[in-house]
Student: 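Supplied in structure tokens, the structure appears directly below.
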Amino acid sequence: MKKLEAIIRKTKFDDVRDALLEADIEWFSFYEVRGMGKSLQSRIYRGVMYDTSIIERVLVSIVVRDINVEKTVQAIVKAARTGDVGDGRIWIIPVEDAIRIRTGDRGDISLYDAEKK
Amino acid sequence: MKKLEAIIRKTKFDDVRDALLEADIEWFSFYEVRGMGKSLQSRIYRGVMYDTSIIERVLVSIVVRDINVEKTVQAIVKAARTGDVGDGRIWIIPVEDAIRIRTGDRGDISLYDAEKK
Amino acid sequence: MKKLEAIIRKTKFDDVRDALLEADIEWFSFYEVRGMGKSLQSRIYRGVMYDTSIIERVLVSIVVRDINVEKTVQAIVKAARTGDVGDGRIWIIPVEDAIRIRTGDRGDISLYDAEKK
Amino acid sequence: MDMIRKYMPSKRWMAVILMTLMAGGSAVADVYEIDGKPITADDVAVSLDTVWMILGAMLVFFMQPGFALVEAGFTRTKNTANILMKNLVDFSFGSILFWLFGFGLMFGCDGAGFMGTPSFGSLDFFTAPGGLPKEGVLIFQTVFCATAATIVSGAMAERTKFSMYLIYSLIISLVIYPISGHWTWGGGWLMNGEDGSFMMNLFGHTFHDFAGSTIVHSVGGWIALAGAIVLGPRIGKYGKDGKSHAIPGHNLTLGALGVFILWFGWFGFNPGSQLAASGEVNREAISHVFMTTNLAACAGGAAALFVSWFRYGKPSLSLALNGVLAGLVGITDGCDCVSLGGSAIIGLLSGVVLVYAVSFIDEKLHIDDPVGATSVHLCCGVLGTLLTGFLSTSEGLCYGFGAGFLGAQCLGIVVFAAWSFGTGFIMFKVIDKVHGLRVPARIEEEGLDIYEHGETAYNS
Amino acid sequence: MDMIRKYMPSKRWMAVILMTLMAGGSAVADVYEIDGKPITADDVAVSLDTVWMILGAMLVFFMQPGFALVEAGFTRTKNTANILMKNLVDFSFGSILFWLFGFGLMFGCDGAGFMGTPSFGSLDFFTAPGGLPKEGVLIFQTVFCATAATIVSGAMAERTKFSMYLIYSLIISLVIYPISGHWTWGGGWLMNGEDGSFMMNLFGHTFHDFAGSTIVHSVGGWIALAGAIVLGPRIGKYGKDGKSHAIPGHNLTLGALGVFILWFGWFGFNPGSQLAASGEVNREAISHVFMTTNLAACAGGAAALFVSWFRYGKPSLSLALNGVLAGLVGITDGCDCVSLGGSAIIGLLSGVVLVYAVSFIDEKLHIDDPVGATSVHLCCGVLGTLLTGFLSTSEGLCYGFGAGFLGAQCLGIVVFAAWSFGTGFIMFKVIDKVHGLRVPARIEEEGLDIYEHGETAYNS
Amino acid sequence: MDMIRKYMPSKRWMAVILMTLMAGGSAVADVYEIDGKPITADDVAVSLDTVWMILGAMLVFFMQPGFALVEAGFTRTKNTANILMKNLVDFSFGSILFWLFGFGLMFGCDGAGFMGTPSFGSLDFFTAPGGLPKEGVLIFQTVFCATAATIVSGAMAERTKFSMYLIYSLIISLVIYPISGHWTWGGGWLMNGEDGSFMMNLFGHTFHDFAGSTIVHSVGGWIALAGAIVLGPRIGKYGKDGKSHAIPGHNLTLGALGVFILWFGWFGFNPGSQLAASGEVNREAISHVFMTTNLAACAGGAAALFVSWFRYGKPSLSLALNGVLAGLVGITDGCDCVSLGGSAIIGLLSGVVLVYAVSFIDEKLHIDDPVGATSVHLCCGVLGTLLTGFLSTSEGLCYGFGAGFLGAQCLGIVVFAAWSFGTGFIMFKVIDKVHGLRVPARIEEEGLDIYEHGETAYNS
Ligand SMILES: Nc1ncnc2c1ncn2[C@@H]1O[C@H](COP(=O)(O)OP(=O)(O)O)[C@@H](O)[C@H]1O
Ligand SMILES: Nc1ncnc2c1ncn2[C@@H]1O[C@H](COP(=O)(O)OP(=O)(O)O)[C@@H](O)[C@H]1O
Ligand SMILES: Nc1ncnc2c1ncn2[C@@H]1O[C@H](COP(=O)(O)OP(=O)(O)O)[C@@H](O)[C@H]1O
């Protein structure tokens, strides 16, 4: 199992969601993060310049079985790319175990079940 | 060390917190995430249907020593389960090192200290 | 590659950001988390006591190449420390792969490029 | 002349007004002539009264967003659209129904002295006092009725089915409020001061409630109490050990804004209830009522602040805000007849009682009232009516007028309590039996907004 | 005496007022003397009218935050500062320009009957009707003008360049609104009821629009429509398949507060447009207009609630809120001349039409109007003017007065549609060609707040 | 008849009112009779003035939530409950204390010309001008006093101990404001226009401040400045290199709403200060003051917008909002006596000065004023008073009346500056020494809401 963390543009979220659903990933979590990056934009508050580079992003977090990693990465990359600076990143992080709270299932089966049910 | 990420119902947060405290886990972080899942509910905004399956969840993130993993998982599962679809998941992710900023302690000791102090 | 998750005081965020920029870390994400910890403070709402220990924190998430881990940890620890209880933690989590969505670059190069460009 | 007529070619300047050009300086020919005679001071006086009453009605209308914000601010994010909706519809439906039926029920002629006759939108039966326009009185009374109805939604927030809300809020505007209103402002037995009337025989005084501590607020409060009891507490409100858990409101800024708006609206509620501003007596009265209303609000807020500080170790914003409302509800009965000092006392006591009432109802009675509607409107409504029996400078016990008036006040309190709690309780029980008053647990947990309205109040 | 003079040493109490001490009780010497004579009832009556008009102007001013909140609440977080800014500047600039130019254009003398003459801030040309102060009429008209201008920003929200907004909102306040206003309230041909005038010859009636369903709201609505068409939809609003996507507003609580504030302000808009309160006719009229305005709002909200419930399976807050505004816009034309029942019908139909208009404009026409400005102000403005042709108790078709008045109403609707949509469309096209009306895609995606103003509305 | 008496059995319709049935049409018997004589036009005129004054007081009261929202919106989430609380308590406590002591201190008789005598809640000493009810004047003056007190909290936000806030805000309402108020509106030496008085001897003119640019706003602003200096900047506001860091407000939507509410309330503040509406002079005056107030606000907002655009490259919402307030503060002094053009100039200059003042105070003086209270209320209050010396059409330098009046204005400015900054500075220093004015660093970092009130404004 791997956990994919994709940091994407807010405006691309709908596209990514649709791409994931098409790739049979029906389960994921997401939340808003802010990023420091190279796509600078200055802000002024009451005459004082500040925060030159904070951008709002969505972090999509998906845990998938190893066999689905590539498929999922491709789906995200395709849907989230605009080609401009600021498209974001995907990290692949190992996951040792997964538990489905409702049933107590552990391991791949908890994901498998969820993905194919 | 492992990092446990538990995605639970918002309404179960208080119960989970109490269960964790009872299991001697006094330190954890949490934040709100939204999840795509199978517990569908349609929304209509000004006549347009949208977002068929976004649910608000709380993600509880706990780093524990290896010996405490099972205990913590059990505590969460017990407290967060309702038996209905949407109870959520727990992921177990390896952590290589931990640093306590205040003291600079590294490794298990930084957790141990915190948990038992 | 490692992912560093630093849970720090909100009020220290600006200092940490500056320290990171000084350490040539130009890319990171952050979001707000709440923590249960030892720095207790009771709240009363309409006469009912509650939530004895919830504190708002910022979680800074940085993915760096292995060679940069120590440097980054030191930068954060130095900037975020006040010496009082509640300074927070840093976790070091393994990352297996990284993808830059814009270019499709994978692995260290996607970070390297970003950090040194 | 031509110019002017063209300027307002609509109905605005009707035949009665003969317009004349203003010739520069101060020598103005009369602008107004009515049937060829100049307008009288009396006619202007009645118009001034009308403007005053209408201004009052506008301000009381503006209490609707005040209630909406307080109720939304003191409840959770996930039920915000629901609570806003409720405040919108009770006013919308209430206004229409009060016009069609309620007004007749409240002010119409009656034989038995129990209730008036609904008039199906016609105002012919009605003779407005003091030469005021009938429709002006109607709108003024409408907004008061809406206030009574809207109080209830706060106590029953976060767990009531929207469709059931619709039904019971209709019943309140249609039946409960107008009938008890008839007994008092409608000219019924509780305020009938004729020789030989029931109240005069018994007490030598009629029941006094200037702007509705009892007639509006405690009616709303009693029904709210009945509703909260029948519904039961929100999930998670009381632990297995019976310990009360805090469920903090999602936005105290909006709650505070709501309280300020209510405070502002109350200056229509109380001074506006004088229904007249012309002549020395009236202008002194509205000034006095304005002062007493404001002093009581201030004293209520201050008292709740200090009591909460003393009791809980910290000055609590949510209680201080409720304390302001407590003072306002408390003074609504006697704002015309207590002294400035008296109003400060009423406000003070209301603020103190509020803090204890909140914790008593919550922690002892285990009745879950998310926004404190019962503590504010019921307890302080009753308290204010009672204290007026003591502190009225013209009839009160403290001013040596004997206990007769106090007795009349007590009877009024009891009658209204029995009527509104009784009918409210029966109504909720029946609704609950027939269709279920409460949403299923899952909807309550995930939020009424999504399941009941398919919308969320907050998005990004 | 001395004491008093000292108390108000400024200009407040001028020579005309001879102050006298009040000797305790009721025997008061006259406070006011003018040129040695006691003040007349007529003089007081005109002052009361002035106070009424000024109160109306204040309330209409207060509609500005109402619009700001509705527009902010119904759009996204990232564009909030931008939309607030727009509502601030259109009022600021509009007020100054209307004083300098617009007022003269609207109410100034003209030869050709097309427009008045700008007066560069002087009011000498103007003779106020009914003895009202000129500056009072000016401020009253100013706030109406600002309302028309502010409507447009909602329909064009989230994608318009701020600098271009500035320019077109100036053109609206300076040219479009005052000129068509001149044809009606300015005494022009559409409302010229003299014998032998165009309208009297053709229909035997003039166009009627008491407070501006057409003159204010549909003008704003038509321009909004033109703008939304020229701009095109927001990124992501329509899928490749043409399917409409929901882009929910970020804060319906603020949206609801805005609607309540607008509702409150409308009690200045409509009843205030009577411009007089003295005398029986006027006080009856303002009471009546107050009632019709409120009933229509309530009926509009109720209708939209039920229609959305019926159509979409759930009662929608956002549509019910729009329904209230729909009812208010609808009744603005005929609030003085329809019965209470008539006003309820107008409100009801407005609420029904609103729900269908929203979905027709969005899903069929694919015109992206984030806050529903066209559905509310255009559709219901037109509808209200039309229905007045049927339901006016003094001229309407349903009351047996023939089709002449209805014809006059229809002509008015068409003339205003042609004028405001036409000029609006040309204006936007020209701006778009010359400088580009719309922000680049990236700014639209990341939010106008940061790129256009360097500020975000929400921080922590 | 019977019907009617029953309808209002309370004290509302007292003996003076003889009610008669309205017989259908226009032939109405007199509704009002006083001592058997018909009501006089003079009596109605005074009542109209009372209604006007009371309306003004209501609107000024409504500025309280305006201030609360501006201050909350421009500060951070973690201190929101605290700032709301402060705005609540300064009004609550201030109202009570002003009634008990302040009113007497301000308007009571005095020997030395320095201050009046506190009257412990009695109004017997007071003779209201123009026949107005005493209690009406009291409430009007109360809300003005509260405004001065509430200004201070913004400048000292996010770091002041709540208990210390309570103490100093009491001192302001009790001592600082009433005493300097006594010198002016209280009839004291600065506004004593008798022959041979100090000001007449020196300048031939008295100090002029119609509604309180100096007497209310700059007093508040000077105390705010003293407070901000004594407190020192918020943690993190200035870097080690002295660079100013932005600490953006948490909710500009609420800030904008607050500004609109203040703007609305200012229509009570300025036009209401005429204290009369009857007769041509008064109705012209209130219309004029309404126009000048609004024009200055608009010009202030527009100026700040453009200056910020020019200086920082982007039109800033937060500065434009402050600019509106700047214009309003600036015009408050001369709103009665400058022309419309003059008011636009005052507004414009206020808006320009505001932007520079904000950056000068922040970046040069390194005084940390989170909401810009000193820039708005102090700088523009002083500026407005000064400009009135130039632009008053009846006394101003620009109209050829010589420098005497300008001198009087300057003296007033200096006297008020010395008094309010001086007493304020001493007060804060003493409090700071005795008990500590500022919360500990940890509380400041984690937020005052939790530590000072045990509550947070926002929850989920
Ligand atoms: N090393 C990193 N650690 C954590 N977050 C990162 C890192 N690099 C990038 N991000 C996140 O991804 C977002 C987009 O990345 P960015 O570098 O702007 O795009 P691009 O890869 O197209 O240059 C950043 O705003 C930041 O939130
Ligand atoms: N593979 C996944 N990756 C990330 N988040 C997930 C994944 N599966 C489930 N979740 C999160 O857990 C929440 C609850 O899961 P759900 O599947 O609805 O419960 P259940 O396991 O009872 O069927 C989802 O809303 C989503 O936020
Ligand atoms: N084991 C843990 N798992 C997850 N989060 C933790 C853990 N320990 C601490 N934290 C987070 O770090 C924050 C600060 O830690 P705290 O223990 O208060 O500081 P200190 O290390 O100085 O004692 C906590 O509020 C919590 O959010």
Side-chain angles (χ1 to χ4, degrees), chain E residues 3-4 6-14 16-17 19 21-22 26 28 30-32 34 38-41 43-44 46-48 50-51 54 58 61-62 64-65 68-69 72 80-81 84-85 88-89 92-93 95-96 99 121 133 135-136 138-139 162 254 280 452-455 457-460, chain F residues 26 28 34-35 41-42 44-46 48 52 76-77 127 129-131 187 191-193 206 208 210 248-253 256-257 260-261 264 267 274-275 277-284 286-288 290-291 294-295 298-299 301-302 305 312 314-318 320 336-337 340-341 344:
Chain E
M3 177 66 220
I4 296 171
K6 275 202 291 181
Y7 172 69
M8 293 293 158
S10 64
K11 300 287 103 57
R12 295 185 197 184
W13 301 91
M14 297 187 64
V16 284
I17 307 184
M19 272 171 270
L21 284 169
M22 289 173 51
S26 54
V28 194
D30 275 6
V31 170
Y32 278 96
I34 295 174
I39 195 168
T40 62
D43 205 0
V44 181
V46 175
S47 279
L48 178 59
T50 305
V51 167
I54 283 182
M58 288 174 182
F61 163 80
F62 199 48
Q64 289 293 323
L69 289 177
T80 304
L84 294 171
M85 188 69 140
L88 185 73
V89 301
S92 295
F93 287 73
S95 286
I96 297 173
W99 159 56
E135 292 177 316
L138 170 57
I139 188 80
F162 181 69
L254 295 183
E280 194 184 345
E452 291 267 285
H453 305 286
E455 265 176 339
Y458 301 102
N459 304 285
S460 66
Chain F
S26 55
V28 194
I34 294 174
D35 299 336
D42 188 85
V44 182
V46 175
L48 178 59
W52 179 250
R76 283 168 292 177
T77 315
T127 316
M191 282 196 179
N192 186 342
T206 63
H208 176 94
F210 184 70
H250 85 280
N251 193 329
L252 291 192
T253 314
L257 176 59
F260 275 113
I261 288 178
F264 180 57
F267 296 146
Q274 179 72 14
L275 294 182
S278 302
E280 194 183 345
V281 170
N282 286 315
R283 71 176 168 259
E284 295 282 347
I286 59 179
S287 302
H288 181 70
F290 195 166
M291 269 304 296
N294 190 55
L295 273 182
C298 293
L305 176 85
Y312 306 118
K314 286 184 178 150
S316 156
L317 174 61
S318 58
D336 62 326
C337 66
L340 296 188

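We name chains A, B, ... by the order of the sequence lines, and we start the count at 1 in each one.
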Student: I need the residue from F:A41, F:A256, F:C298 with the largest number of non-hydrogen atom pairs under 4.5 Å to chain E.
Tutor: F:C298
Student: Tell me, side chain or backbone of F:A344 under 4.5 Å from chain E's heavy atoms, or both, or neither?
Tutor: side chain
Student: Rounded to the nearest 0.5 Å, what's the gap from CG on F:L48 to CG on E:D43? Could you check?
Tutor: 10.5 Å
Student: With only heavy atoms counted, which part of F:N294 is less than 4.5 Å from chain E, the side chain, the backbone, both or neither?
Tutor: side chain
Student: If I measure from the heavy atoms of chain E, does F:L317 come under 4.5 Å with its side chain, its backbone, both, or neither?
Tutor: both
Student: What I'd like to find out is whether the side chain of F:L340 reaches to under 4.5 Å of the side chain of E:E135, using heavy atoms alone.
Tutor: yes
Student: Can you confirm whether E:P65 sits close enough to F:I261 that some side-chain heavy atom of one is under 4.5 Å from a side-chain heavy atom of the other?
Tutor: no
Student: For chain E, which candidate among F:L252, F:L305, F:I286 shows the most heavy-atom pairs at distances under 4.5 Å?
Tutor: F:L252
Student: Any donor-acceptor pair under 3.5 Å linking the side chain of F:R76 with the backbone of E:N459?
Tutor: no
Student: So which atom in E:E452 and which in F:P315 form the shortest heavy-atom distance, rounded to 0.1 Å?
Tutor: O-CD, 3.4 Å
Student: Evaluate the side-chain contact (heavy atoms from CB on, under 4.5 Å) criterion for residues E:Y32 and F:N282: first the C-alpha distance (whole Å), next the side-chain angles of each, then the deciding distance (0.1 Å), finally the verdict.
Tutor: CA-CA 11 Å; E:Y32 278 96; F:N282 286 315; 3.5 Å; yes
Student: Sort out for me which of E:P38, E:S95, E:A68 touches chain F most, counting heavy-atom pairs under 4.5 Å.
Tutor: E:S95
Student: Is E:S47 reaching over with its side chain to a backbone N or O of F:G279, donor-acceptor style, under 3.5 angstrom?
Tutor: yes
Student: Counting only non-hydrogen atoms closer than 4.5 Å, does E:L69 touch chain F with its backbone (N, CA, C, O), its side chain (CB onward), both, or neither?
Tutor: side chain
Student: Any non-hydrogen side-chain atom of E:E455 less than 4.5 Å from a side-chain atom of F:S316?
Tutor: yes
Student: At a heavy-atom separation under 4.5 Å, does E:V46 approach chain F through its side chain, its backbone, both, or neither?
Tutor: both
Student: Going by the angle between their ring planes, with limits at 30° and 60°, are E:F62 and F:F264 parallel, tilted or perpendicular?
Tutor: parallel
Student: Taking side chain as C-beta onward, heavy atoms only, is E:M58 less than 4.5 Å from F:F290?
Tutor: yes
Student: So, do E:I54 and F:W52 sit near enough that their side-chain heavy atoms are less than 4.5 Å apart?
Tutor: yes
Student: Which answer fits F:L257, side chain, backbone, both or neither, if we ask what part of it has an atom under 4.5 Å from a heavy atom of chain E?
Tutor: side chain
